[in-house]
Amino acid sequence: MSISTSPAGSTSPSGGSTSLTSAVTQVPGISAEKTAFRILAAISFCHLLNDLMQSVIPAVYPILKTSYHLDFGQIGLITLTMQVTASLLQPLIGMYTDSKPTPFSLPVGMGFTLVGLVLLSSAPSFLAILLAVGMVGIGSSVFHPESSRVARMASGGRHGLAQSLFQVGGNVGTSLGPLLAAYIVLPRGQGSIKWVSAAALIAIVVLTRVGMWYKSNRHGGAKSRVKAGVDGHPSSRRITVALAVLVSLMFSKFVYMASLGSYYTFFLISRFHLSVQSAQIHLFVFLAAVAAGTMIGGPVGDRIGRKLVIWCSILGILPFTLLLPYANLFWTGPLTVIIGLLLASAFPAIVVYAQELVPGKVGTISGLFFGLAFGLGGLGAALLGRLADATSIEFVYRVCAVLPVLGLLTAFLPNMGNRRGTAPARRAS
């Protein structure tokens with residue numbers, strides 16, 4: 001398996017194969033007007049593997065809860081540990097790689113994930129579980145900022161589309177995690193997690209080849225960053241306000257997502273008396289909707305503007321979140337699909353919008369916002385776990401139902417020239 005490392009501007013190889021092997025073995029150079037879909041396919045595939053491995057952790061919470069006699073607060077602490085190790089390091093790694101890009105950090109980060117999963121498969125104690133998931137979090141903190149940069153380098157100016165393609169790999173991996181848990185890990189026990197770590201070995205190989213392409217093309221990306229500024233760009237004060245608004249919207253999105261990602265199976269088991277396996281299938285359906293929403297959000301933002309996508313994604317789910325705690329089993333599925341579809345479409349739009357607010361800082365912005373995604377999700381999971389212990393899991397969903405009201409803050413975001421064809425959306429970073 002190899003990836004061409006010819007510099008930008010070389011002709012793409014001939015051949016019509018659309019297989020994954022072809023996608024990562026023949027890579028055309030990119031220009032300001034050409035999207036390197038083979039590189040996007042490779043980095044999205046690795047994102048799939050990365051998040052597939054991560055998603056096994058919450059998917060096996062029922063096993064861990066029973067085997068180690070954990071309460072909901074400890075379940076939340078597991079999530080918090082994994083997410084905080086990712087969230088605290090990602091912005092720092094992004095800042096470092098903005099000044100000194102490090103292409104081969106990608107396979108190194110995946111190595112941390114590999115070690116963490118092997119340890120988790122035979123953890124002797126709760127503290128060992130925390131150490132294992134912490135290493136998985138470190139792996140994510142290394143992977144996301146630089147892989148997001150690779151996606152933008154390969155975008156050919158179609159930044160929303162590239163960000164969606166990159167993120168949807170992660171969402172697909174996350175959605176497959178519960179199925180992997182339901183049909184492989186749950187029947188065979190905690191020890192079978194070590195077989196999941198084989199995905200990390202595959203990702204290390206692919207990311208090494210992507211790193212070679214990145215190393216050959218990074219100088220073109222540096223030149224493009226010089227041109228990133230545009231006339232009429234918001235003032236520093238407006239940028240600060242806009243970033244604060246985006247952080248508030250991220251809080252709304254990811255705390256609500258934590259309520260579903262970490263506790264949806266428990267909600268279904270408690271309220272509707274479903275089996276663990278049946279509840280995992282419902283979680284898969286929700287996460288599949290999240291993947292679809294992620295794929296939609298970026299390209300739609302390229303065409304109609306990212307601010308409009310953010311409006312519809314955050315505030316638009318409010319009627320559905322208010323209904324969910326009181327719905328019967330028949331309507332719970334469709335409501336969570338709509339919520340996942342709309343809410344997930346916000347993240348590609350938010351990330352690219354923030355990158356356009358602060359040109360030339362792709363690593364810092366990507367690390368900050370992916371870090372916030374992990375950190376807010378982890379904090380939300382821990383707090384909601386404590387709330388569930390003190391009240392009930394149903395009460396948690398009634399409280400979370402009002403979070404989308406924060407979508408009203410979108411009114412304070414400046415209007416950016418982010419429709420397809422306008423200056424910021426068509427320039428590479």
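Heavy-atom basis, side chains included; hydrogens, waters and symmetry copies ignored.
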Regarding [X] and [Y], do their side chains bring together a donor and an acceptor under 3.5 Å, going by distance alone?
X	Y	value
Tyr214	Glu146	yes
Thr294	Ser164	no
His159	Ser155	yes
Gln355	Arg152	yes
Gln280	Thr265	no

Min side-chain heavy-atom separation [X]-[Y] under 4.5 Å:
X	Y	value
Val300	Leu308	no
Leu180	Leu176	no
Ile93	Ser141	yes
Gln163	Ser148	yes
Phe72	Tyr263	yes

Any idea which heavy atoms bring [X] and [Y] closest together, and the distance?
X	Y	result
Phe412	Val245	CB-CG2, 3.9 Å
Ala258	Gly380	CB-C, 4.3 Å
Asn50	Ser140	ND2-OG, 3.6 Å
Met110	Leu207	CE-CD1, 3.8 Å
Val402	Leu318	CA-CD1, 4.4 Å
Ile365	Ala354	CG2-CB, 3.6 Å

Main-chain N/O of [Y] paired with [X] side-chain donor or acceptor, under 3.5 Å:
X	Y	result
Tyr353	Ile310	no
Ser44	Leu165	yes
Ser121	Ile193	no
Asp389	Asp71	no
Arg149	Thr97	yes
Thr85	Gly134	yes
Ser99	Tyr96	yes
Ser366	Pro145	no
Ser67	Ile63	yes
Asp51	Gly173	no

Parallel, tilted or perpendicular, as decided by the 30° and 60° cut-offs, for the rings of His47 and Phe166: parallel
Give, for atom [atom1] of [X] and atom [atom2] of [Y], the distance between the pair rounded to the nearest 0.5 Å.
X	Y	atom1	atom2	answer
Phe272	His282	CZ	NE2	8.5 Å
Leu246	Leu413	CG	CG	5.0 Å
Ile78	Lys65	CD1	NZ	11.0 Å

Phe347 ring center near Phe370 ring center (under 6.0 Å): yes
Phe251 atom CZ, neighbour heavy-atom count above 12 within 6.0 Å: no
Within 6.0 angstrom of Phe286 CZ, more than 12 heavy atoms from elsewhere: yes
From CA spacing to verdict: side chain to side chain contact (heavy atoms under 4.5 Å, CB included), Val210, Cys46: CA-CA 10 Å; Val210 170; Cys46 291; 5.5 Å; no
